[in-house]
Number of protein chains: 2
Amino acid sequence: MTSRPEDTDRTFPAGIAARLRREILTGELPPGSALKERDNAQRLGVSRTPLREAVRILGQEGLVTLRPLRSPVVADPSLAEVLDEIAVLRQLEIFSGGLACQNATPEEVELIAALAADVAAHHATGDKVDVFDQDMRMHTAIADAAHNAALSRTYREYLARLWRVRFVSARERADAPRVLADHQDMIAALRARDSQRMTAAIASHLDGMVRNVTRHFQNREGNARQP
Amino acid sequence: MTSRPEDTDRTFPAGIAARLRREILTGELPPGSALKERDNAQRLGVSRTPLREAVRILGQEGLVTLRPLRSPVVADPSLAEVLDEIAVLRQLEIFSGGLACQNATPEEVELIAALAADVAAHHATGDKVDVFDQDMRMHTAIADAAHNAALSRTYREYLARLWRVRFVSARERADAPRVLADHQDMIAALRARDSQRMTAAIASHLDGMVRNVTRHFQNREGNARQP
DNA sequence: AATCGGGGTATGGTATACCAAAATCCGAAA
DNA sequence: TTTCGGATTTTGGTATACCATACCCCGATT
């Protein structure tokens, strides 16, 4: 088969990366598993070259770990590493929030409010993945409202990198009320251009994330230890 | 020629990236110029594959802009984009400084002091590129002393991305005294575990960077406009 | 003289062949 | 039975051939 990249394609290496990313985030490719070039290339119906490039993209995103002359493996970060990342995310989000209070246009504020409403609406009904995407969209909208392109980019990176841990942590226990309350608080702060309040809401939000993730790791510790 | 990568080598694609990076930062490859795969591969004596990978690395660092089906070009960011990046760098560095005051070991503090001394020593003598490398090493050492791996990584990214603008901005006018004074201030703050003072020193440092860069862009505006 | 179209060329994207290092497996020796 | 060493296999790294598309130049037409 000389390959038929006609189906789920899009600029190719990026498309491959997207497929692999989803497989990693959903757990089809579990943490610690090796990504052999030849196997995955054949499985996805492409040659090794674009697959290689896709793996590098994921490596940059922190979803896979690259080792010289060895198979890349799906990343399996420790609690400490994740908490480090959350700490940086917190700083980025607080910075975003402050700038957004200062720079957001009224239209952007309303867009953010609408996205928050979407999250609240779908929280009970829709599937978790969709809700998480909604949530991510709302938060990146805040980052965008800061009107700092570099900040948006880096913030998105961190959010994507933490997507999986947040997901598996959040589905163990739903602390929806607090999350949604934080969102409302953020919007109120944004409308009032009150960066103090914004910072407080964001801090609460991130504290919740730290609690969820920590509990998740502790539970996992109590359970199975893979060989 | 089947190539003999024995000279300036190191894991290859990273080595190629380092060479290209230096050429970009020194201006041998001016902003806006195209990086043709075949030409550069032959010039550097490697094949297109590793060169491609090197270019992607530089793209990730923001030194080159990648366009689908077009030659990558050496990036030429606007003043606004650079100022945005500096704003994020400032937040990251302030965060690092605070954590370093809290977490740095005495050995790390002395290492940082030694690196600062290197910068000061080479400032008059050595070539600008080396001094800048020294400077970068010192600042990344501070970030490392924060003991947050994610923060170190992202901080390094920003420093690398801003390397060139800082370089071309700094060589127009030497504000060495202030820079070196800031360094001394940082080290004093670190020794005293005084994160307030650390924040102040970093802010001064970054303000200087903003001034330099802004002046550089204004001068360039006054001069030639390339077609 | 200006503009539009077509064909040739330059260039990035992809596939594949080849190479070298790593891991693995198996047998022989203790 | 265990362990050590070497041959085989596996796998990532590199080079190169091939393909598709965008660019560019030139000529024909208005």
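Numbers restart at 1 for each chain; the letters A, B, ... are given by sequence-line order, proteins then strands.
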Any idea which of D:dA22, C:dA22, C:dG12 is nearest the B:Ser71 side chain?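 The nucleotide sitting nearest to the side chain is C:dG12.
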
Given C:dT14, D:dA22, C:dA23, which nucleotide is nearest the side-chain atoms of A:Pro50?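 Of C:dT14, D:dA22, C:dA23, C:dT14 is nearest to the side chain of A:Pro50.
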
Take atom [atom1] of [X] and atom [atom2] of [N], then tell me their distance rounded to the nearest Å.
X: B:Arg48; N: C:dA10; atom1: CZ; atom2: C1'; answer: 11 Å
X: A:Ile16; N: C:dT14; atom1: CD1; atom2: C1'; answer: 11 Å
X: A:Asn40; N: D:dG12; atom1: CG; atom2: P; answer: 9 Å
X: A:Gln42; N: D:dT11; atom1: CD; atom2: P; answer: 12 Å
X: A:Glu53; N: D:dG12; atom1: CD; atom2: P; answer: 17 Å
X: B:Arg38; N: C:dG12; atom1: CZ; atom2: P; answer: 7 Å
X: B:Glu37; N: C:dT9; atom1: CD; atom2: P; answer: 21 Å
X: A:Arg67; N: D:dG13; atom1: CZ; atom2: P; answer: 11 Å

Does D:dT16 have OP1 or OP2 under 4.0 Å away from a side-chain N or O of B:Arg52? no

Residue closer to the 5' end of DNA chain C, A:Leu69 versus B:Lys36 (nearest nucleotide):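 Comparing both residues, the 5'-ward one is B:Lys36.
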
On DNA chain C, compare the nucleotides closest to B:Leu35 and B:Thr49; which residue's is nearer the 5' end? B:Leu35

Is any side-chain heavy atom of B:Ile112 closer than 4.5 Å to one of B:His183? no

Using a 4.5 Å cut-off on heavy atoms from C-beta on, say whether the side chain of B:Leu89 contacts that of B:Met209.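 Yes, close enough: below the 4.5 Å cut-off.
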
Indicate whether the side chain of A:His147 and that of A:Glu108 have a donor and an acceptor atom separated by less than 3.5 Å.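 Indeed, the side chains of A:His147 and A:Glu108 share at least one donor-acceptor pair under 3.5 Å.
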
Test ring-ring contact (aromatic ring centres under 6.0 Å, His included) applied to B:Tyr158 - qualifying residues, sequence neighbours left out: none

